[in-house]
Amino acid sequence: MVAEMVVPAWMHKQFTAEDYASWSEEQCAGIEIVDGMVVVNPSASKRHNRLARILANALDAAASPEWNADTGFDIRLQDAPLTNRRPDVVVYRADTIDIGPTRPEHVLLVAEVVSPGSETTDRIVKVDQYAKAGIAFYWRIEQAATGVPLVYTYVLDPATKTYRDGDVFTGVLKALAPFPIETDLSRI
């Protein structure tokens, strides 16, 4: 006997920015909205969350007072159709801390920690979406089999709205634009 999976009706509905604004923070956690459709993300591993937190703390410590680094909130990439992404780490202008939703023009850098099941989205889809939104820097962190994370950095070409490859770092991040950072990611 094969059990059939019944997909909830709400997963077939296209949501608007107004719909999303009416939801509680609990309803928004663990999902992203892409072209108005809910994308459910599996819970991240402890290793994934720890890596994101260490990176956010290092970026926050390295940033000037004009910039904050945090985890766990949405960036509104477009209003119609609604696209909200929830990067693992976001560096954003400090003077926009109370402005919601966070918009691409508030953001300097987004970082995604790649997990099993998110490889294609983090390596291809999000890269394109963040570039088209005009976010200056994108970092992709791969959790290598050696246990030492690899950090791939990308810099936006504003003329083409695409990213060009930046440096690749293993273990320790040092002196990355737009501000210096040194943190050991190999201790994860």
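Everything numeric in this text was worked out from a predicted model, so none of it was measured. Values below: every heavy atom of this structure, side chains too, minus hydrogens, waters and symmetry copies.
Within the 4.5 Å cutoff, no side-chain heavy atoms of Asn84 are placed close to those of Glu32. Residues Arg123 and Val127 have side chains not in contact (no heavy-atom distance under 4.5 Å, counting atoms from C-beta outward). Using a 4.5 Å heavy-atom threshold, the side chains of Glu142 and Tyr152 count as touching.
Ser24 places a side-chain N or O within donor-acceptor distance of the main-chain N or O of Gln27, the cut-off being under 3.5 Å. A donor-acceptor pair under 3.5 Å links the side-chain atoms of Asp19 to the main chain of Thr16, judged by distance alone. A donor-acceptor pair under 3.5 Å links the side-chain atoms of Thr153 to the main chain of Asp167, judged by distance alone. One N or O on the side chain of His48 and one on the backbone of Val113 form a donor-acceptor pair closer than 3.5 Å. In this structure a side-chain-to-backbone donor-acceptor pair under 3.5 Å is present from Ser118 to Ser115. Of the possible donor and acceptor atoms, one in the side chain of Gln78 sits under 3.5 Å from a partner among the backbone N and O of Pro81. No donor-acceptor pair closer than 3.5 Å links the side chain of Thr71 to the backbone N or O of Val89.
Listed here is the closest heavy atom pair of Ile97 and Asn68: CD1-ND2, 3.7 Å. The minimum heavy-atom distance linking Pro104 with Ile75 is given by the pair N-CG2, 4.1 Å. The two atoms that bring Ala133 and Leu77 nearest to each other are CB-CD2, 3.8 Å, heavy atoms only. Nearest heavy atom pair, residue Asn49 against residue Ala44, reads OD1-CB, 3.3 Å. Closest non-hydrogen pair, Pro149 versus Ile141, comes out as CB-CG2, 4.0 Å. What you find for Ala69 and Leu59 is that their closest heavy atoms are CB-CB, 3.8 Å.
Note that the CD1 atom of Ile31 and the CZ atom of Phe15 stand 8.0 Å from one another [nearest 0.5 Å]. To the nearest 0.5 Å, the span separating CG on Asp70 from OG1 on Thr102 amounts to 9.5 Å. Here CG of Leu55 is found 12.5 Å from CZ of Arg50. Values are rounded to the nearest 0.5 Å. To the nearest 0.5 Å, atoms NE2 (His106) and CH2 (Trp67) are separated by 10.5 Å. Put simply, CG on Leu156 and OG1 on Thr162 are 7.0 Å apart, with the number rounded to the nearest 0.5 Å. Note that OH of Tyr20 is 3.5 Å distant from CG of Asp74, once rounded to the nearest 0.5 Å.
Crowding of Glu26 atom CD: a count of heavy atoms from other residues, nucleotides or ligands under 6.0 Å not exceeding 12.
Hydrophobic cluster membership is shared by Tyr138 and Phe73, with clusters built from Ile, Leu, Val, Met, Phe, Trp and Tyr side chains linked at under 4.5 angstrom. Neither Tyr92 nor Ile99 shares a network with the other; the hydrophobic side chains, linked directly or stepwise wherever heavy atoms of I, L, V, M, F, W or Y lie under 4.5 Å apart, form separate groups for each. In this structure, Ile33 is a member of the same hydrophobic cluster as Val40, with clusters built from ILVMFWY side-chain heavy atoms closer than 4.5 Å. Hydrophobic clustering places Val110 together with Val168 (ILVMFWY residues linked when any side-chain heavy atoms are closer than 4.5 Å, directly or through intermediates). The same ILVMFWY cluster, assembled from side-chain heavy atoms under 4.5 Å apart, contains both Val155 and Trp139.
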Inset, instruction - Given side-chain contact (heavy atoms from CB on, under 4.5 Å), test Leu109 with Val90 step by step and report yes or no. - result: CA-CA 6 Å; Leu109 177 148; Val90 180; over 6 Å; no
Inset, instruction - Evaluate side-chain contact (heavy atoms from CB on, under 4.5 Å) for Phe137 paired with Leu108, printing each intermediate quantity in order. - result: CA-CA 6 Å; Phe137 298 93; Leu108 177 66; 3.8 Å; yes
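Using a cut-off of 4.0 Å between Lys/Arg side-chain N and Asp/Glu carboxylate O, Arg103 and Asp79 are scored as salt-bridged. Using a 4.0 Å cut-off between charged nitrogen and carboxylate oxygen, Lys126 and Glu112 count as a salt-bridge pair. No salt bridge links Asp157 with Lys161; every basic N to acidic carboxylate O contact stays at or beyond 4.0 Å.
Separation of the Tyr163 and Tyr130 ring centroids does not fall under the 6.0 Å cut-off.
Partners of Gln129 by side-chain hydrogen bond (donor to acceptor under 3.5 Å, both in side chains), not counting sequence neighbours, listed by chain and number: Arg85. For Asp95, the salt bridge (Lys or Arg N to Asp or Glu O under 4.0 Å) criterion is met by Arg93, not counting sequence neighbours.
A side-chain N or O of Tyr154 and one of Arg140 form a donor-acceptor pair less than 3.5 Å apart. Side chain to side chain, Ser64 and Glu66 meet the donor-acceptor criterion of an N or O pair below 3.5 Å.
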